[in-house]
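Here is the structure we will look at.
Hydrogens, waters and symmetry mates play no part in the numbers below; they use all other heavy atoms, side chains included. Just so we're on the same page: letters track the sequence lines, and every chain starts at 1. The structure displayed is predicted, hence computed values, not measured ones.
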Amino acid sequence: MSGDHDVDHHAEAESYAALRARALESLLVEKGLATTDAIDEIVRTYEQDIGPLNGAKVVARAWVDPDYKRRLLDDGTAAIAELGFGGAEGAEIVVLESTPQVHNVVVCTLCSCYPWPVLGLPPSWYKDAAYRSRVVREPRAVLGEFGLTVDESKEIRVWDSTASLRYMVLPERPHGTADLPEEELVELVTRDSMIGVGLARSKPGVASTPDPKKPN
Amino acid sequence: MGGVPGYGRVEPELDEPVFHSEWEGRVFGLVIAVKDGLSRPRLESLGPDEYLSGYYERWMLAFERGLLARGAVSANELDAKTEHFRINPAARPTRRVDPELTERVRRDMYRQRDIRRTPARAPVFGVGDRVRARRIRHGGHTRSPGYAQGRRGEIHAVYAAYDLPDYQRDAAAPAQHLYSVRFEGTELWGASAEAGTAVHIDLWEGYLEPLGSGVAEGTDA
């Protein structure tokens, strides 16, 4: 993918960034505007505690509990808070139900708005120009690059989260999972399925998106 | 950048870490920890080359400019400190801990935000109404994406009222209702649109005008 030149260039740029970040942290700590352990805690929280497992629990609950699902689609923020999730970048979370008729997929074409409390921080591709510029224009082609072919008869609805709300997809529950308990269903819910660039797994450990060469 | 041509394939990274380098996490932590750390207009005021550099590079640059603008740090001391770390690769940032503050920061990450505002008036549009996204000409920050401006859509949902982030002559501009507006792929992209696709965009009331008003290009939002 990248030639040696790109790698060198990247390493060089990153080392400047690393030095600059160190300088900023040091100065702000010296001036009493930041503290070391608070930064440690923020990094730890988003690396370990606030991530897509939260959203997976929300989805699994909605799959097994029709009343919860109703509350979730009616007021996502409140229903998500029932499971203990909420906070920064999650003041207003709207949950979009994907169905046999409609496949939902989320983007932020203006920046990279993302529902942190349920999905954590966004992956690089979500923040990159390729996804942001193209998914509104050719969603079928872009989903194909994730290995997801959506049947022509199914509408694709792209949600551009340009404003105050954050969107999360409630993916379809895979066939053949009627007997699985909620804890095992959680393992089927991938981050990508909650952005809408993938589907939930049909079995634990199975790839989240089907082989692009085979029909869904 | 919605609809802007010229970008290649999406390249998902397998098992991507939350932060690719330690410094990314430190910058993220600083921005979250330092109040008023980053504002979207400042992020968007970066030049095109700056904007397309890495995500956390952008955060850091915008954060740095904000600190300089409000005099929290000076350019000279920041450059001198950067040079200090370049000459002394083993040196680490000055440490100071405050467990009580950290607990407050931790709680703040989980604090429920209330961003709904009291609107100046009831929503003008209802579900199913046909609207057109106005062309925005004030030249400042706007959250109305360019690819939909001038295009016709339909109100899909009426949301609550929220502060409008556009630069306003009147800083106390009242909050406006927000709508989910549905635009068919063919309306946005013409014949090149993929079949059976639509884009739903969140737009403030001032970004919209009723269709059939006879005004194709309205006043600024």
Just by distance, do the side chain of [X] and the backbone of [Y] share a donor-acceptor pair under 3.5 Å?
X        : Y        : value
A:Asp160 : B:Ile201 : no
B:Arg95  : A:Ser26  : no
B:Glu16  : A:Ser124 : yes
A:Ser133 : B:Met1   : no
A:Arg140 : B:Ala195 : yes
B:Trp189 : A:Val136 : yes
A:Arg134 : B:Gly8   : yes
A:Thr36  : B:Arg96  : yes

Heavy-atom pairs under 4.5 Å with chain B: which of [options] has the most?
options                               : value
A:Ser161, A:Gly32, A:Pro139, A:Pro117 : A:Pro139
A:Val105, A:Val142, A:Leu165          : A:Leu165
A:Val43, A:Asp37, A:Thr45, A:Ile156   : A:Asp37
A:Gly86, A:Ala34, A:Ser153            : A:Gly86

So for [X], is it side chain, backbone, both, or neither that comes closer than 4.5 Å to the heavy atoms of chain A?
X        : value
B:Leu78  : both
B:Pro89  : backbone
B:Val18  : side chain
B:Phe183 : neither
B:Val199 : both

Identify the heavy atoms of [X] and [Y] that sit nearest to each other, and give their distance.
X        : Y        : answer
B:Val27  : A:Ala21  : CG2-CB, 3.6 Å
B:Met109 : A:Glu41  : CE-O, 4.1 Å
B:Pro145 : A:Thr109 : CB-OG1, 4.1 Å
B:Pro12  : A:Trp125 : CA-CD1, 3.6 Å
B:Thr94  : A:Val29  : O-CG1, 3.4 Å

Does any backbone or side-chain atom of [X] lie under 4.5 Å from a heavy atom of chain B? Answer side chain, backbone, both or neither.
X        : value
A:Thr77  : side chain
A:Leu24  : both
A:Tyr167 : side chain
A:Asp40  : both

Can you tell whether the side chains of [X] and [Y] come within less than 4.0 Å, N to carboxylate O?
X        : Y        : result
B:Glu194 : A:Arg137 : no
A:Lys31  : B:Glu77  : yes
B:Arg182 : A:Glu155 : yes
A:Asp128 : B:Arg9   : no

Got B:Phe85 and A:Arg20 here, is their nearest side-chain heavy-atom distance under 4.5 Å?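 Answer no - side chains too far apart.
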Derivation and outcome, side chain to side chain donor-acceptor pair (under 3.5 Å), residues A:Thr162 and B:Arg143: CA-CA 6 Å; A:Thr162 46; B:Arg143 299 292 299 178; over 6 Å; no
So, B:Tyr162 versus A:Glu92: side-chain donor-acceptor pair below 3.5 Å or not?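 Judged by distance alone, the side chains do pair up.
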Parallel, tilted or perpendicular, as decided by the 30° and 60° cut-offs, for the rings of B:His156 and A:Trp159: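 Ring orientation, 0 to 90° scale: perpendicular.
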